[in-house]
Peer 1: 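Have a look at the structure that comes next, please.
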There are 4 protein chains.
Amino acid sequence: MSRAAGDSPTRIQREKTQAILDAALELFSAQGFHGATLDAIAEAAGLSKPNLLYYFPSKEAIHRALLEALLDRWLDPLRQLDPAGEPLAEIAGYVLRKLEMARDHPRESRLFAQEVMQGAPRIGDVLAGPLKALVDEKAAVIAGWARAGKIAKVDPRHLIFSIWAATQHYADFDAQVRAVLGADHEGRFHDAARTLRTLFVEGLRPR
Amino acid sequence: MSRAAGDSPTRIQREKTQAILDAALELFSAQGFHGATLDAIAEAAGLSKPNLLYYFPSKEAIHRALLEALLDRWLDPLRQLDPAGEPLAEIAGYVLRKLEMARDHPRESRLFAQEVMQGAPRIGDVLAGPLKALVDEKAAVIAGWARAGKIAKVDPRHLIFSIWAATQHYADFDAQVRAVLGADHEGRFHDAARTLRTLFVEGLRPR
Amino acid sequence: MSRAAGDSPTRIQREKTQAILDAALELFSAQGFHGATLDAIAEAAGLSKPNLLYYFPSKEAIHRALLEALLDRWLDPLRQLDPAGEPLAEIAGYVLRKLEMARDHPRESRLFAQEVMQGAPRIGDVLAGPLKALVDEKAAVIAGWARAGKIAKVDPRHLIFSIWAATQHYADFDAQVRAVLGADHEGRFHDAARTLRTLFVEGLRPR
Amino acid sequence: MSRAAGDSPTRIQREKTQAILDAALELFSAQGFHGATLDAIAEAAGLSKPNLLYYFPSKEAIHRALLEALLDRWLDPLRQLDPAGEPLAEIAGYVLRKLEMARDHPRESRLFAQEVMQGAPRIGDVLAGPLKALVDEKAAVIAGWARAGKIAKVDPRHLIFSIWAATQHYADFDAQVRAVLGADHEGRFHDAARTLRTLFVEGLRPR
DNA sequence: TATGAATGAGAATTCATTCAT
DNA sequence: GATGAATGAATTCTCATTCAT
């Protein structure tokens with residue numbers, strides 16, 4: 001039997017579980033759910049297939065575990081948006097944090113993107129629940145800033161979409177970004193940060 | 001073998017080919033290459049599986065045909081960016097055309113996105129070739145506008161990335177957009193257009 | 001309906017039938033019954049697959065037709081063995097005729113060989129009937145020669161097997177013969193003829 | 001993946017592998033590569049089809065394994081031809097060993113024959129390499145005997161072909177041999193041995 | 001006669017999962 | 001915990017044959 005609910009996992013259990021999740025993230029994000037095979041994940045994780053299934057009951061379960069871990073972190077940057085902060089600086093900070101997320105966790109970003117692109121069958125309720133709630137909350141903050149004339153009048157939720165899109169693009173469409181930039185891609189996150197700062201800060205500066 | 005290279009396809013060929021491509025686009029864009037099965041495509045197209053394979057020699061070939069047809073159109077909006085036009089209006093127009101593309105061809109957008117996200121194994125050369133060439137050309141135009149003080153100074157290629165990202169988001173992340181907007185999603189393209197116009201036009205307005 | 005029994009085939013019918021048989025012989029002899037496809041035969045014969053099946057009702061039927069035509073000729077060399085001739089010369093002549101057969105009709109030889117090797121499912125009755133009868137007849141002749149001291153005492157039927165084997169080898173095992181002889185294979189039938197003459201004539205010369 | 005390269009196979013692996021090879025030899029030799037199905041092989045070997053493919057990665061791989069094992073043994077009789085032996089006895093011995101090979105390993109013989117007959121696509125290099133080398137070597141020995149007047153002057157390589165052909169005939173054309181001999185086929189190898197001894201020994205005796 | 005179109009019955013292979021040890 | 005072995009259910013693709021015109 002796999003580890004019972006109450007047991008605290010041993011070190012070895014934690015390590016293997018982590019190795020599996022890591023391998024699975026690599027493969028799911030690169031090939032999609034159906035494109036990744038348990039064989040490949042097991043090999044990448046350095047275990048036998050049955051052993052892998054000792055730690056997770058099914059392929060589906062691994063995928064679910066990855067998405068859950070992901071969603072935990074995914075909203076952190078937005079959560080940190082401080083209603084009491086200076087509006088343009090807050091937004092600039094949020095953009096930057098999100099861009100760093102794309103830079104540091106591209107596989108998670110692609111995993112999430114593929115899931116959403118396929119209609120979010122597994123995380124639809126999270127999107128409509130906690131995610132929507134957080135967006136609503138922060139959108140209200142932004143709307144407040146706009147009403148107060150601190151930033152330009154924009155639809156705050158679409159503003160958030162744009163920030164998501166523009167930053168995650170560097171993770172999700174990495175192959176395209178590299179192809180287009182050619183040799184210049186080394187400094188791409190730096191250049192992106194400057195460009196996005198201009199767009200969002202100047203674009204939102206009240207006039 | 002089905003139609004020889006030189007023959008012009010008969011009506012029935014055109015119809016069935018189109019039905020297959022349509023069904024395949026639906027399924028590939030929703031489930032990815034591996035998630036979509038020939039069975040499902042054949043059923044959606046209203047043909048038997050062997051009959052489907054009478055028109056296309058393999059699953060791979062269908063996918064390739066879709067990508068090729070897609071790439072043909074994909075760059076049209078950018079191509080229309082007029083070096084002789086009024087800079088901010090040109091950019092606003094481009095954003096709008098791209099947004100309409102996302103609205104009218106979301107499946108194509110998702111197909112493209114999944115391909116790129118998986119490393120662009122099949123269209124890598126197009127990205128590094130024709131796509132890069134077009135971007136370089138238009139980036140030079142935009143850079144010229146910036147030097148002339150017609151728009152703010154931004155990295156033109158990253159600007160293009162942002163436009164791509166922000167517009168395609170409404171196709172690729174449709175499930176998320178709907179979940180977050182809830183009942184308000186009906187007018188999402190209209191609201192998005194206004195928001196993006198503000199961001200890109202005001203964000204780029206020289207000061 | 002295909003041509004009724006009584007009709008004499010038109011020229012075009014004869015030509016197409018022949019083209020089909022020729023293409024089928026090529027492919028069956030090279031790939032075996034299962035390895036050859038109707039597609040390939042039709043293409044080699046220059047017709048469409050349905051048209052091919054207008055002339056022959058099935059793949060099986062083509063194969064059968066080939067074997068029948070083949071068996072007709074196959075025994076000719078042995079039939080010509082003349083009981084009244086000079087024994088050693090008769091045998092030498094038979095060997096030579098059989099070798100020429102291998103040289104001039106290698107595909108037929110291979111078709112026959114493959115059929116026999118697979119247990120002769122389609123021509124078993126011919127082997128046990130007409131073929132056995134002819135061999136028995138000629139074996140009696142040879143046995144008579146041996147009894148009369150005109151040739152050495154050998155089992156006449158095994159002698160016939162050896163002649164078959166040694167000559168057909170140049171058709172059936174052509175690939176091996178060429179590989180072993182390398183550049184010298186051009187004159188292989190000439191060299192084979194001399195070698196076989198020595199073996200069979202000297203080997204059978206009474207002493 | 002099944003057994004890694006370095007591991008020594010377990011008992012069960014050896015047994016199942018052997019059962020598969022045995023069943024495959026039976027079917028490939030009787031039906032040809034395309035005529036034999038994995039289904040049939042699996043059933044004959046007493047395994048499920050996927051289990052069979054656990055031991056060999058593909059149908060092709062099974063076939064290749066059979067041919068490789070075969071080639072190993074195939075040349076043994078010729079290798080034993082002793083340059084220092086008494087020429088006629090050596091040749092008689094070789095003929096006999098080869099005939100025993102046909103008697104004891106008819107399926108291997110037919111497998112080899114079918115492969116060569118189809119143009120030796122998989123073993124062409126072995127024929128042109130090791131096989132040719134061995135034949136060249138032994139042909140030189142035989143040529144030496146002929147020059148020394150120990151045997152009649154014949155082309156040694158064609159002599160070898162004749163020996164191959166005449167002996168393998170009893171394996172490859174078994175169906176025909178049985179049909180022709182009828183009830184007498186029981187002693188066929190004995191009778192063949194006598195006949196071939198006469199042909200090759202007397203045929204080669206110097207005069 | 002001829003052929004474009006269609007299909008049912010396989011055939012090889014893959015893969016998530018289970019079994020036995 | 002770990003793994004070699006096994007398998008049922010697909011999944012892609014092939015092929016002889018038939019249909020409709």
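What you see below is based on every heavy atom in this structure, not just the backbone, and it leaves out hydrogens, waters and symmetry mates. A note on names: the letters A, B, ... follow the listed sequences, proteins ahead of strands, and every chain is numbered from 1.
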Peer 1: With a 3.5 Å distance limit and no angle check, can you tell me whether Q114(B) reaches the backbone of S29(B) through a side-chain donor-acceptor pair?
Peer 2: yes

Peer 1: Would the distance check show the side chain of E15(C) and the main-chain N or O of I12(C) forming a donor-acceptor pair, the cut-off being under 3.5 Å?
Peer 2: no

Peer 1: Nearest to the side chain of T37(A), which nucleotide is it out of dA16(E), dT12(F), dA12(E)?
Peer 2: dA16(E)

Peer 1: Is there a side-chain contact between I41(D) and L47(D), using heavy atoms and a 4.5 Å cut-off?
Peer 2: no

Peer 1: Out of dG4(F), dA6(E), dG1(F), which has the shortest distance to the side chain of T10(A)?
Peer 2: dG1(F)

Peer 1: Tell me the interatomic distance from E43(B), atom CD, to dA10(F), atom C1', rounded to whole angstroms.
Peer 2: 15 Å

Peer 1: Is R122(A) salt-bridged to E60(A), going by a charged N under 4.0 Å from an acidic O?
Peer 2: yes

Peer 1: Which heavy atom in A120(A) sits nearest to a heavy atom in A175(B), and how many Å separate them?
Peer 2: CB-CB, 4.2 Å

Peer 1: At their closest point, which heavy atom of L66(B) faces which heavy atom of L111(B), and how far apart are they?
Peer 2: CB-CD2, 3.8 Å

Peer 1: Between R14(B) and Q18(B), is a side-chain contact (heavy atoms from CB on, under 4.5 Å) present by the stated rule, with each step listed?
Peer 2: CA-CA 6 Å; R14(B) 244 174 309 132; Q18(B) 199 46 53; over 6 Å; no

Peer 1: Q31(C) side chain to Q118(D) main-chain N or O, any donor-acceptor pair under 3.5 Å?
Peer 2: no

Peer 1: Rounding to an integer number of Å, can you tell me how far D39(A) CG sits from dT3(F) P?
Peer 2: 14 Å

Peer 1: Select from I12(C) and F33(A) the residue whose nearest nucleotide in DNA chain E is closer to the 5' end of that strand.
Peer 2: I12(C)

Peer 1: So A36(C), base contact, sugar-phosphate only, or nothing? Heavy-atom distance under 4.0 Å.
Peer 2: sugar-phosphate

Peer 1: Less than 4.0 angstrom between a side-chain N/O of Q13(B) and OP1 or OP2 of dA5(E), yes or no?
Peer 2: yes

Peer 1: So what does the secondary structure string of DNA chain F come out as, 5' to 3', with Watson-Crick or wobble pairs under 3.5 angstrom, [ ] for crossing and | for pairs with another strand?
Peer 2: .||||||||||||||||||||

Peer 1: Round to the nearest Å and state the distance from F56(B) atom CZ to dA5(E) atom P.
Peer 2: 13 Å

Peer 1: Can a side chain N or O of N51(D) be found less than 4.0 Å away from OP1 or OP2 on dA5(F)?
Peer 2: no

Peer 1: Nearest whole angstrom, please: distance from the P of dA6(E) to the OH of Y54(B).
Peer 2: 7 Å

Peer 1: Tabulated below should be each protein N or O lying under 3.5 Å from an N or O of nucleotides 17-21 of chain E; please produce it.
Peer 2:
{"residue": "dT17(E)", "atom": "OP2", "partner": "K59(A)", "partner atom": "N", "Å": "2.9"}
{"residue": "dT17(E)", "atom": "O4", "partner": "K49(A)", "partner atom": "NZ", "Å": "3.3"}

Peer 1: Look only at the side chain of K59(D) and the backbone of A36(D), and say whether a donor-acceptor pair between them is shorter than 3.5 Å.
Peer 2: yes

Peer 1: When the distance from NE2 of H63(C) to C1' of dA16(F) is rounded to whole Å, what number comes out?
Peer 2: 15 Å

Peer 1: Mapping G35(C) and L47(A) to their closest nucleotides on DNA chain F, which lands nearer the 5' end?
Peer 2: L47(A)

Peer 1: Expressed in angstrom and rounded to an integer, what is the separation of L27(C) atom CG from dA16(F) atom C1'?
Peer 2: 15 Å

Peer 1: Can you check the distance between dT1(E) and dT21(F), where both ends of the measurement are the C1' atom (answer in whole Å)?
Peer 2: 12 Å

Peer 1: dT14(F) C1' sits how many Å from H34(C) NE2, rounded?
Peer 2: 14 Å

Peer 1: Identify the heavy atoms of R110(C) and M117(D) that sit nearest to each other, and give their distance.
Peer 2: CD-O, 3.4 Å

Peer 1: Would you say a side-chain N or O of Y55(D) is under 4.0 Å from OP1 or OP2 of dG4(F)?
Peer 2: no

Peer 1: Can you check the L52(D) CG to dG8(F) C1' distance for me, whole Å?
Peer 2: 16 Å

